[in-house]
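Report on one structure; see the data block that follows.
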Amino acid sequence: MVVLSNNNGNIVARSNEVKALGIPMGTPIFQVRDLIQAHQIQVYSSNYTLYGDLSQRVMQTLEQFSPELEVYSIDEAFLGLSGDGEAVAQQLRQTVQQWTGIPVSVGVATTKTLAKVANHLAKQGSGVCVLTDPSPALADLPVGEIWGIGHRLSDRLQQHGILTALQLRDVELPWVQQLMGIVGVRLVQELRGIPCLPLELCPAPRKSCCVSRSFGRPIESLGELKEAVATYGARAAAKVRRDGLTAGVVTVFITTNRFKPDEPQYANSAVVQLPQPANDTLTLVQAALRAVERLYRPGYQYKKAGVLLTELGPASVVQGDLFSAPAQQERRGALMRTVDSLNQQFGAGTVFCAAEGIEKEWQMRSGLRSSGFTTRWGELPVVR
DNA sequence: TCTGGGGTCCTAGGACCC
DNA sequence: TCTGGGGTCCTAGGACCC
């Protein structure tokens, strides 16, 4: 089985059977159509609403085991533990399996970076790994597989003869400072068991919020482009409202298909500074539409657009501008609360801006989406 | 024909201030 | 021949993560 990226473009998750066939992560699906057919691989669009819900259930389960929980991503978390690591890890794994049906692997070590190494081993073995003596594991680990080493740093380290995590752990600090800056120093210390990356127990408020999508088919007209940008702008506005934030700046970008070098290419972005930070859909969408009108050039096949909100700040303290009308702001806020609660209660898209369009023929492909087993009443799993 | 989306941090250089 | 010291802010680019 494989799961595809947005717009059904690339393979972003693979079952073990697919990995065994040698299909790499990120492969565009059209490049392996024959293999998919030959091995009857099941193909699914991704369903982030479902994954988000299951993730929350897993994280809530993890909370039972320690007050020190850092939710690192949709499918990873760090826990502060004391006592018998092995026993806790076993019990944690079993409980998550029982309560949510999700299999997890647990790596235990003295720093986050070493815990990631331990988790790597756990995944290959029994599902639990307590790293008491890291050296053998580090000797077996290619330097590029360390958390925080991407392909560029990996290449550079290998040019200097550093091939394994063990070799990197034992370099001189000034040397790594020179090559990789402060990030490298912290990483080496972490490999030595000296924590430099603390648990982030209360996540810092985000600094930007971006909604962008490839289109299901190329867009040529300004009209459709505006629909897409309005749709993304409205989505971004809802996200910052959910987080209790406002945006000071709206950036819009549009681009043609970079994989078609024979076609004329155009990519550009435009920035709108708001007179006063806002999070209501109407203000943000208006700003985004002004931006896309400035950007648009006829004669191109557009493939993707996005709306980026920055200069985010708490909605509770907004610096007003001299000419704003507080009463109207208050009404706008009430309107958004109503819209959000309707969309929450009756489903996304119940109330929306007309500017977002109705038919949306440009919408991304997601025709192979799995059911919303735990997120839609109409799609609950059926027990036979 | 077909190629994803959403984030963060660090660094160096330029511009400016007193 | 000689030309201070100590800062901040902004931006672009590079690197990384899931």
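Per chain, numbering begins at 1; letters A, B, ... match sequence-line order. All heavy atoms count here, side chains included; hydrogens, waters and symmetry mates do not.
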Shared hydrophobic cluster for A/Met364 and A/Ile254 (ILVMFWY, side-chain gaps under 4.5 Å): no

Which residues share a salt bridge (Lys or Arg N to Asp or Glu O under 4.0 Å) with A/Arg242, sequence neighbours left out: none

side-chain hydrogen bond (donor to acceptor under 3.5 Å, both in side chains) partners of A/Gln265, counting only residues at least two apart: A/Thr256

DNA chain C contacts made by residues 104-130 of chain A, counting heavy atoms under 4.0 Å: A/Lys116

Selection: residues 195-226 of chain A, any non-hydrogen atom under 4.0 Å of DNA chain C: none

Qualifying residues under side-chain hydrogen bond (donor to acceptor under 3.5 Å, both in side chains), relative to A/Gln90, sequence neighbours excluded: A/Glu86

Linked, directly or transitively: A/Trp175 and A/Ile194 (ILVMFWY side chains, under 4.5 Å): no

Approximate separation, where rounding is to 0.5 Å, of A/Ile102 CD1 and A/Thr61 OG1: 10.0 Å

Residue pair A/Gly148 / A/Leu153: nearest heavy atoms and the distance that separates them: O-CD1, 4.0 Å

Flag if over 12 foreign heavy atoms under 6.0 Å of CD, A/Gln124: yes

N-O pairing of A/Glu311 and A/Lys207 below 4.0 Å: no

Qualifying residues under salt bridge (Lys or Arg N to Asp or Glu O under 4.0 Å), relative to A/Glu361, sequence neighbours excluded: A/Arg217

Gap between atom CE of A/Met59 and atom OG1 of A/Thr100 - 0.5 Å precision: 10.5 Å

Test of ring centre spacing under 6.0 Å for A/Trp147 and A/Phe78: yes

Hphob cluster co-occupancy, A/Val106 + A/Leu79, side-chain heavy atoms under 4.5 angstrom: yes

Candidate list A/Arg332, A/Arg241, A/Arg331, test salt bridge (Lys or Arg N to Asp or Glu O under 4.0 Å), partner A/Asp280, passing option: A/Arg332

Bounds of contact between DNA chain B and chain A, in 5' to 3' order, using a heavy-atom cut-off under 4.0 Å: B/dC2 to B/dT11

Approximate separation, where rounding is to 0.5 Å, of A/Tyr232 OH and A/Ser212 OG: 8.0 Å

DNA chain B-proximal residues of residues 295-313 of chain A, any heavy atom under 4.0 Å: A/Lys303, A/Lys304

Plane angle bin for A/Tyr266 and A/Tyr300 - parallel if under 30°, tilted between 30 and 60°, otherwise perpendicular: parallel

Neighbours of DNA chain C within residues 66-77 of chain A, by heavy-atom distance under 4.0 Å: A/Tyr72, A/Ser73, A/Asp75, A/Glu76

Sugar-phosphate only, base, or nothing, as touched by A/Leu4 at under 4.0 Å among non-hydrogen atoms: nothing

Touch class at under 4.0 angstrom, heavy-atom based, for A/Asn257 against every strand present: sugar-phosphate

Watson-Crick and G-U pairing of DNA chain B, under 3.5 Å, as dot-bracket with | and [ ]: ....||||||||||||||

Strand contacts (DNA chain C) in residues 157-184 of chain A, 4.0 angstrom heavy-atom criterion: none

Residues in contact with DNA chain C, drawn from residues 37-47 of chain A - heavy-atom cutoff 4.0 Å: none

Salt bridge present between A/Lys112 and A/Glu70 (N-O < 4.0 angstrom): yes

Common cluster, A/Met336/A/Val211, ILVMFWY with side-chain heavy-atom separation under 4.5 Å: no

A/Tyr48 OH to A/Ser55 OG distance, which is reported to the nearest 0.5 Å: 13.0 Å

Cationic N near anionic O, under 4.0 Å, A/Glu330 to A/Arg337: yes

